[in-house]
Amino acid sequence: MPLHNRDIAGQFDEVADLLEIQGANTFRVRAYRNAARTLRDLPHSIIDMVEAGEKLTELPGIGKDLASKIETIVKTGKFPQLDKLKKKVPAGLTEIKGIAGLGPKRVEKLYEALGVEDLKGLKKAAEDGRVRELSGFGRKTEENILHELETRGSGTRRSLLSEAESRAEPLVDYLDSIDGVDKVVVAGSYRRRKETVGDLDVLVSCTKNSRVMQRFIDYEDVEEVVSQGETRASVILRGGLQVDLRVVASSSYGAALVYFTGSKAHTVQVRKMGQEQGLKINEYGVFEGNKRVAGKTEEGVYEVLGLPYIEPELREKRGEFEAALDNALPELVTLSDIKGNLHNHTKASDGSATLREMAEAAKAQGWAYLAITDHSKALRIANGLDEERLAKQIDEIDALNDELSDITLLKSIEVDILENGSLDLPDTILQRLDLRVCSVHSHFGLSRDKQTRRLLRAMDNPCFNILGHPTGRLIGSREAYPVDMERVIDHAKENGCVLEINAQPQRLDLDDVYCKIACEVGVKLAISTDAHTPHHFGFMRYGIDQARRGWATAEDVVNTRSLKGLRELMTR
DNA sequence: GCCGTTTTCGGCCCGACTGTTTTCAGTCG
């Protein structure tokens, strides 16, 4: 029985693939994919909705038919339609469809003509030279299939945004230096600041047809050229990251930027709105008949649609059009709004710098305050502080603050939330601190109900200020622990607690979706670097990115406040 | 299969590149 929205979404995607291979109506196929996306984006459990008897048809892309299918899946754990489809065609065909260059038509042909049912069969057929005999296929296609089968797995992983940045920045500098190049920007999910990036979509505008395409192919990190044309090319960089380059004239720059920034769902909506007004929108501009009415700037494209500029981080079709039409888009928080950092470690636990080094580095960032939040004693592996050591650190910070100018160290702790929801240190010492970050570092495997009650109980303690890395996830390596985050958010609201956006690139926890809910409910956020060395202060901008994707304004974030304002928010 | 200031039918985003063709289908983003 599926437990998560994404399980049901996965089944819908599978139905879409199988229908497509059978040559079903493409719009019907799209309907399943749209519904799958809706389910993945949904911040709460679809199962809860079904059990509460809520109307699923109010969700975008879910009509009467799909609503009843979801109900069947939730109530019986079975999806008869999918089972039926699998009887008609082998389920292994969906993995063949995952091979680059093989879409529904070719997969169907491979199956019908050669009896290829899975990757193994495909490999055999290609090695035997039977693929090239099929009409519509050829020697080259067969070679590509074999190449794909061999190199699979290496380049399919999504990269952390921070990793992608380290590849993108030198490439942008390189392209920027080419004669005739006007602007270079990395669009796609990178520009939307998504936490992971599948590939890099680089957009270049140039005045005249420069030699940018050839120079791109010549870039020293290019390992393989996948495709190359006049205005588009795809390459694989060493390490496996794919880069797609698109070259447009400066007059089309804005339209191309909207188009290549995406998300796909966002740009589809942009074009739809254009169509409703009798306009054709593509990457070259906005056209009324043959006349270009916009396209040089992004602002211009949105303007002809009667919309204000929409920030890239909001372009996920998660309500940005409705908000834009209402003139209710949020004024997103920026890095320069940040006045301090509320989660940081020193040598006292598992950090590598002293109090003074951390303070000086924070001052250099232009921050007014820095909370020192070493671990508490339960986290023995990190040399967590007991009552006595914390008392000593309190005295050290008091002494240091007397010496320091333009920066204030805040006495704090990252105190463990124990299995039963109590905090790892007695209230008597916690009360002597300026604020407390409370985190889960153990017992990730509790049931959803127990985990939720653990967090709620912790928040009942008046010493509780900030919930550190609220779901415990590590992107790509550890799932969030099961917890009813909506209840946690509501409880935080009732108790004046703050939720952290942990800015470590592999955490970014809260994620964008919960961040948006927190802001809607009126729960405040703390964007913190969880620094273990001063070098980690640079992570702040990733936290900002995530907050912006979650529609957060400066008002929503506690560490945009002055020290005085912050202290007020940390008093319950 | 969804959706509706042109509502219960008839629409549903749009263009580039490749490999196969000999004018284009298939795939991709």
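Proteins get letters first, then strands, A, B, ... in listed order; numbering begins at 1 in each. These numbers come from the heavy atoms of this one structure, side chains and all, not from hydrogens, waters or symmetry mates.
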[X] side chain, from C-beta outward: closest of [options]:
| X | options | answer |
| --- | --- | --- |
| A:N282 | B:dG19, B:dC14, B:dG1 | B:dC14 |
| A:T141 | B:dG15, B:dG19, B:dC2 | B:dG19 |
| A:T231 | B:dC12, B:dA16, B:dG15 | B:dA16 |

Separation of [N] [atom2] from [X] [atom1] (nearest whole Å):
| X | N | atom1 | atom2 | answer |
| --- | --- | --- | --- | --- |
| A:M273 | B:dT5 | CE | P | 13 Å |
| A:Q269 | B:dG4 | CD | P | 11 Å |
| A:K69 | B:dC2 | NZ | C1' | 12 Å |
| A:L19 | B:dG1 | CG | C1' | 10 Å |
| A:I70 | B:dC2 | CD1 | P | 9 Å |
| A:L82 | B:dG1 | CG | P | 14 Å |
| A:I281 | B:dC12 | CD1 | C1' | 16 Å |
| A:I145 | B:dG26 | CD1 | C1' | 13 Å |

Report yes if at least one side-chain N or O of [X] is closer than 4.0 Å to OP1 or OP2 of [N]; otherwise report no.
| X | N | value |
| --- | --- | --- |
| A:S135 | B:dT20 | no |
| A:K272 | B:dC14 | no |
| A:Q275 | B:dC12 | yes |
| A:N144 | B:dT18 | no |
| A:Q228 | B:dA16 | no |

Notebook entry, point to check: If we only count heavy atoms from C-beta on, is the A:V225 to A:Q228 side-chain gap below 4.5 Å?
Noted result: yes
Check: Taking a pair as Watson-Crick or G-U wobble with both distances under 3.5 Å, which nucleotide is matched to B:dG1?
Finding: B:dC12
Expressed in whole Å, how much space separates the [atom1] atoms belonging to [N] and [M]?
| N | M | atom1 | value |
| --- | --- | --- | --- |
| B:dG10 | B:dG15 | P | 26 Å |
| B:dT5 | B:dG1 | C1' | 24 Å |
| B:dC3 | B:dT8 | C1' | 10 Å |
| B:dT27 | B:dT21 | C1' | 16 Å |
| B:dT23 | B:dT18 | C1' | 15 Å |
| B:dT7 | B:dC12 | C1' | 15 Å |

Next item on the list: To the nearest 0.5 Å, tell me how far A:I501 CD1 sits from A:H469 NE2.
Entry: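 The NE2 atom of A:H469 is 14.0 Å from CD1 of A:I501, to the nearest 0.5 Å.
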Note to self: Does atom CD (A:E303) have a neighbourhood of more than 12 heavy atoms from anything else shown, all under 6.0 Å?
What the structure shows: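 No, because the 6.0 Å sphere around CD of A:E303 holds 12 heavy atoms or fewer from other groups.
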Checklist line | Option among A:E316, A:E313, A:H266 that satisfies the side-chain hydrogen bond (donor to acceptor under 3.5 Å, both in side chains) test with A:R192 | finding: A:E316
Note to self: I'd like to know if the side chain of A:Y32 pairs up with that of A:Q11 as donor and acceptor (distance under 3.5 Å, no hydrogens or angles considered).
What the structure shows: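 On atom types as modelled, these side chains do not qualify, holding no pair under 3.5 Å.
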Note to self: Please check: side-chain N/O of A:E320 versus main-chain N/O of A:R318, any donor-acceptor pairing under 3.5 Å?
What the structure shows: yes
Checklist line | Earlier contact from the 5' end, DNA chain B, for A:Y284 and A:V268 | finding: A:V268
Note to self: Which is it for B:dT21, anti or syn, if anything within 90° of zero counts as syn?
What the structure shows: anti
Protein-nucleotides 27-29 of chain B N/O pairs closer than 3.5 Å?
| residue | atom | partner | partner atom | Å |
| --- | --- | --- | --- | --- |
| B:dT27 | OP1 | A:G103 | N | 2.7 |
| B:dT27 | OP1 | A:G103 | O | 3.0 |
| B:dT27 | OP1 | A:R106 | N | 2.9 |
| B:dT27 | OP2 | A:K105 | N | 3.1 |
| B:dT27 | O5' | A:G103 | N | 3.3 |
| B:dC28 | OP1 | A:G101 | N | 2.7 |
| B:dG29 | O3' | A:R246 | NH2 | 3.2 |
| B:dG29 | N2 | A:Y259 | OH | 2.6 |

Between the protein and nucleotides 7-10 of chain B, which nitrogen or oxygen pairs are less than 3.5 angstrom apart?
none

Note to self: One pair to check against ring pair (Phe, Tyr, Trp, His ring centres under 6.0 Å): A:F79 and A:F12. What are the steps and the verdict?
What the structure shows: CA-CA 10 Å; A:F79 192 2; A:F12 277 10; 5.7 Å; yes
Salt-bridge test for [X] and [Y]: reply yes if a basic N is under 4.0 Å from a carboxylate O, no otherwise.
| X | Y | result |
| --- | --- | --- |
| A:E311 | A:R548 | yes |
| A:R448 | A:D48 | yes |
| A:D545 | A:R549 | no |

Next item on the list: Report the C-alpha distance between A:Q242 and A:D244 in whole Å, list the side-chain angles of each, state the deciding distance to 0.1 Å, and finish with yes or no for side chain to side chain donor-acceptor pair (under 3.5 Å).
Entry: CA-CA 7 Å; A:Q242 176 159 338; A:D244 297 336; 3.1 Å; yes
